[in-house]
Amino acid sequence: MVRIRLLGGVTAETDDGDPIDVGAARTRTLLAALALSPGAPVPVARLIEQVWADAPPRTVAKTLQWHVARLRAALGHAAIGRAGAAYRLDLPAEAVDVGRFRAHLRDGDAEAALAEWTGDPLAGVDAPGLAAAVHGLMEERLGALESALEHQVDRDPHRAAATLTGLVTRHPLREGLWALLMTALTRSGRRADALATYQRARRHLVAELGIEPGPRLRDLEARILREEEPREGNLPPRLSPLIGRDDALAAVVGALAGSPVVTLVGPGGIGKTRLALAAALRTGGAAWLLDLSEITDAADVPRVAAGTLGVAQRPGRGLTESVVAALASRTALLVVDNCEHVPDGAAGFVQAVARGCPHVRVLATSRERLAVDGEQVVAVDPLAPGAAAELFHTRASATDLGYDRLAHAADVADLCRHLDGIPLAIELAAARVRSHRPRDLLARPGAATGERRTGAPRHRSLHAALAWSHDLLTDAERVTLRDLSVFRGPFPLAAAATVTGDDALLGTLVERSMVATVPGPRFRLLEPIRQFAAAQGPTEEAAGRHARWCLIEVAEIGVLLRSTREEEGVARLRELWPNLRAAFGWACAAGDVATADALVRPVVTELTLRGTQEIGDWAERLLALLPPDQAGRRAFWLLWAAERLTQTADPAAFVALAAPDHPLARYAAAYVCGDGQALAELLLPAAAGLREREPYLAAFLQLNAAGTLLGIGRFAQVDEAVTVLAARYRAEGPPTLHHWALQTLAYSAAFQRRPGDAERFFDEAATIDLPEGSLSAGKAVQARTAFRRGDHPRAYRLLRGYIDELVATDNVVAASVVCIEFVTMTAALGLREEAARMLAYLESRNEFGAMAARLLVPYAVGGRTADPGLTDRQALDYMGAVLDRLTTDQERRSAGR
């Protein structure tokens with residue numbers, strides 16, 4: 001197979017490494033133009049522009065044919081194919097060094113990508129028509145360098161600082177490089193130099209661009225000034241002193257240095273989480289805490305990881321694969337806490353990270369080993385007697401300012417021995433010193449752990465510790481605690497009253513440290529206590545009352561979500577979610593399909609509006625429970641399963657869901673397949689079936705289908721329906737649907753060549769405040785408005801910021817939305833090649849994008865065509881590079897005035 005190199009020059013060679021003479025400079029330029037998109041047809045008009053720029057010869061068509069013939073003679077006739085008025089390099093992407101470079105970047109392996117880089121793109125070739133492609137490749141290399149240097153900053157900050165010092169000199173406007181240099185200097189013990197580096201970066205940015213450093217640099221400076229370790233993640237910056245764990249802490253840090261997975265094992269209450277957090281803070285670098293305590297389904301493990309890390313599911317990939325892809329080129333530590341809740345799911349996720357992320361370490365806590373490759377187990381033992389007593393005295397002094405540690409030393413030593421040195425039990429005991437002296441606590445029946453040892457050895461200390469605190473409660477308090485164990489996550493006072501029948505004892509349980517308080521005010525059971533309490537007897541009645549409380553809550557939230565108070569509804573739903581998940585799981589396990597249905601139905605549109613994909617999982621669980629004769633209800637949940645499969649780009653999975661013969665089911669099948677004509681025919685029958693009982697959802701169906709209908713030219717139908725909906729949502733809410741309706745009308749007007757109406761709708765849409773997490777092209781709309789008003793720099797920044805968001809969250813499927821605004825801007829600026837290239841990409845996305853491309857091409861670039869062979873990520877990268885260039889040019893012109 002022939003191999004092509006574009007980095008460090010334009011050359012070709014055989015598999016054996018023998019050079020191939022590809023001819024003179026023009027022929028090599030032609031080879032470069034074809035090799036930048038191997039396997040994709042490149043139109044003749046575009047090749048002429050790329051090879052000759054603005055000075056083609058009079059006989060350019062024949063001259064191009066001669067150069068093609070020259071390449072075929074050198075590479076083999078089959079290497080250059082013809083497709084209509086286009087030529088194609090018929091070689092796989094891996095035959096071109098640029099193709100391998102980009103493949104490694106897509107896989108998250110920045111170091112492998114950089115290994116392919118042997119010099120500047122197209123070095124020695126005079127090709128002004130390929131300048132944009134060269135610029136884009138240089139930007140991709142800088143991004144790869146930043147990613148690779150993140151690893152080096154963690155492994156060898158001294159060496160990284162030396163490399164970065166040279167890079168910031170050559171690229172003084174890249175804030176990411178300055179941030180890495182500041183971090184490397186700080187970790188090398190050079191805080192003063194790091195602060196001086198910030199001032200250098202600021203001078204460059206102000207002098208050359210007229211802007212202050214961004215939030216990343218400002219936050220980094222503030223951390224260095226506070227003498228905090230610069231790091232990324234969600235760990236608490238400071239913890240209370242870790243008592244009696246110096247040797248254990250050193251063992252964990254040492255294990256992390258040599259193993260990809262370290263698991264801390266021991267009973268609940270032994271202090272595994274506290275030790276893991278202390279070790280994570282000691283190691284430095286990016287660190288994230290993934291708390292699995294509130295989940296019971298193995299499938300929820302990657303969802304917790306994705307939510308914590310801000311990773312969106314990639315089309316055609318599962319959540320675990322998406323998380324692994326996002327972490328593949330990063331250096332980080334994941335603290336995966338409470339793995340015993342979902343041992344199989346935790347083990348599978350940790351194994352995937354260990355195999356796919358060479359620079360990521362996992363520190364897990366569990367009651368037993370995960371049994372994954374490369375795992376090192378560290379057993380967390382009870383505290384030594386002296387450390388146990390010190391912990392009691394410290395916590396008791398914080399509880400009672402008059403506590404006399406010397407007076408109680410002997411009793412505390414005995415008490416800590418009886419409690420087996422379990423930190424949780426010791427802290428629970430210390431919390432009682434205001435009402436019980438240590439001698440009184442020691443004298444309580446059952447305080448000696450030996451009387452309560454049952455079950456497996458690894459559970460005995462936990463049982464003893466919690467049984468001891470449980471024995472201190474009255475019978476009524478024990479029943480209340482058992483009933484409260486049905487809650488997952490925080491709960492309000494009114495909820496406690498609903499589930500227990502009486503909230504009078506809640507305050508007593510808080511005083512005795514059996515129930516914790518959280519801001520709100522809210523209450524919460526620590527997970528070891530919750531599990532212990534739940535094991536004390538049947539809780540079916542309490543679970544049923546809990547589900548009924550959730551029904552009331554979710555019904556109220558549903559009303560808010562459909563009103564002008566949508567933002568409040570989103571916040572309340574986020575807080576309710578762990579409890580809603582538990583209630584739904586209980587209803588399904590009990591076979592109570594009606595309750596399970598009612599728990600989800602009021603909030604089902606959150607799947608579409610804010611990408612809450614767990615609702616799609618619940619839809620499939622309901623489908624598995626519903627009997628075949630309930631066709632209407634099955635069709636309803638089939639619709640939301642189809643929505644989730646559309647978001648995850650997995651339409652083939654829809655076939656396995658056994659659709660009934662029902663209008664809504666037929667609509668769902670058309671929706672998941674993107675069949676616009678079928679969708680148009682089925683929309684009215686499907687909506688009619690919902691209109692009588694659920695008019696809000698019937699209207700939602702109409703709006704959600706509007707984009708597909710625009711793609712097949714049903715403008716009048718969309719305008720008529722959505723105009724009515726926009727008026728309704730404007731008056732009644734919710735704001736997100738009002739925003740969506742206005743955007744739909746705007747795109748419809750744009751397609752119909754009514755720019756005035758389109759801009760009016762876009763302007764109004766841009767004024768609407770949306771709840772956090774809403775799926776929206778708001779920044780793209782704002783960029784369009786800014787550009788139309790002549791504020792080009794702001795338009796570039798907004799659209800570039802939107803691209804950054806999409807790339808950071810892996811929501812690259814929204815690239816087509818960016819593309820519409822990008823084409824509008826570049827066409828207006830006279831950047832015909834850039835506009836044409838992205839119009840061709842847009843046409844290949846979906847029916848909506850194809851319609852936009854067909855209608856914008858003659859308006860924007862005079863009917864020209866271009867190569868559509870771009871992935872969504874490549875399209876975003878290309879548009880981002882062009883926007884960066886436009887921003888730099890604009891700022892230089894402004895500075896020169």
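Everything numeric here is computed off the predicted structure, so don't read it as measured data.
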- Message: How close do E340 and R367 get, counting heavy atoms only, and between which atoms?
- Response: OE1-N, 3.5 Å
- Query: Which word best sums up how the rings of H546 and F487 line up, parallel for under 30°, tilted for 30 to 60°, or perpendicular for over 60°?
  - Reply: perpendicular
- Heavy-atom side-chain proximity of V350 to V353 below 4.5 angstrom: no
- Looking only at heavy atoms, which two atoms of A279 and L363 are closest? And how far apart? CB-CD2, 4.1 Å
- Task: Look at the rings of H470 and F532 and say which category their plane angle falls in: under 30° parallel, 30 to 60° tilted, over 60° perpendicular.
- Result: perpendicular
- Message: If I compare all heavy atoms of A364 with all of C339, which pair ends up nearest, and what's the gap?
- Response: CB-SG, 3.9 Å
- Message: Do D337 and L290 have side chains that approach each other closer than 4.5 Å (heavy atoms only, starting at C-beta)?
- Response: no
- Message: Tell me the closest heavy-atom pair linking A396 and A430, and the distance in Å.
- Response: N-CB, 3.8 Å
- Task: Would you confirm whether R432, through its side chain, and L441, through its main-chain N or O, come within 3.5 Å as a donor-acceptor pair?
- Result: no
- Salt bridge between R488 and E294, side-chain N to carboxylate O under 4.0 Å? no
- Closest contact, heavy atoms only, A387 versus I243: O-CG2, 3.7 Å
- Salt bridge between R190 and D193, side-chain N to carboxylate O under 4.0 Å? yes
- Message: In this structure, is the centre-to-centre distance between the rings of F392 and H408 below 6.0 Å?
- Response: no
- Item | A371 backbone acceptor or donor facing E375 side chain under 3.5 Å | yes
- Message: So which atom in T186 and which in M182 form the shortest heavy-atom distance, rounded to 0.1 Å?
- Response: OG1-O, 2.8 Å
- Message: I'd like to know if R439 pairs up with D411 as an ion pair, taking the criterion as any Lys NZ or Arg NE/NH1/NH2 lying under 4.0 Å from an Asp or Glu carboxylate oxygen.
- Response: yes
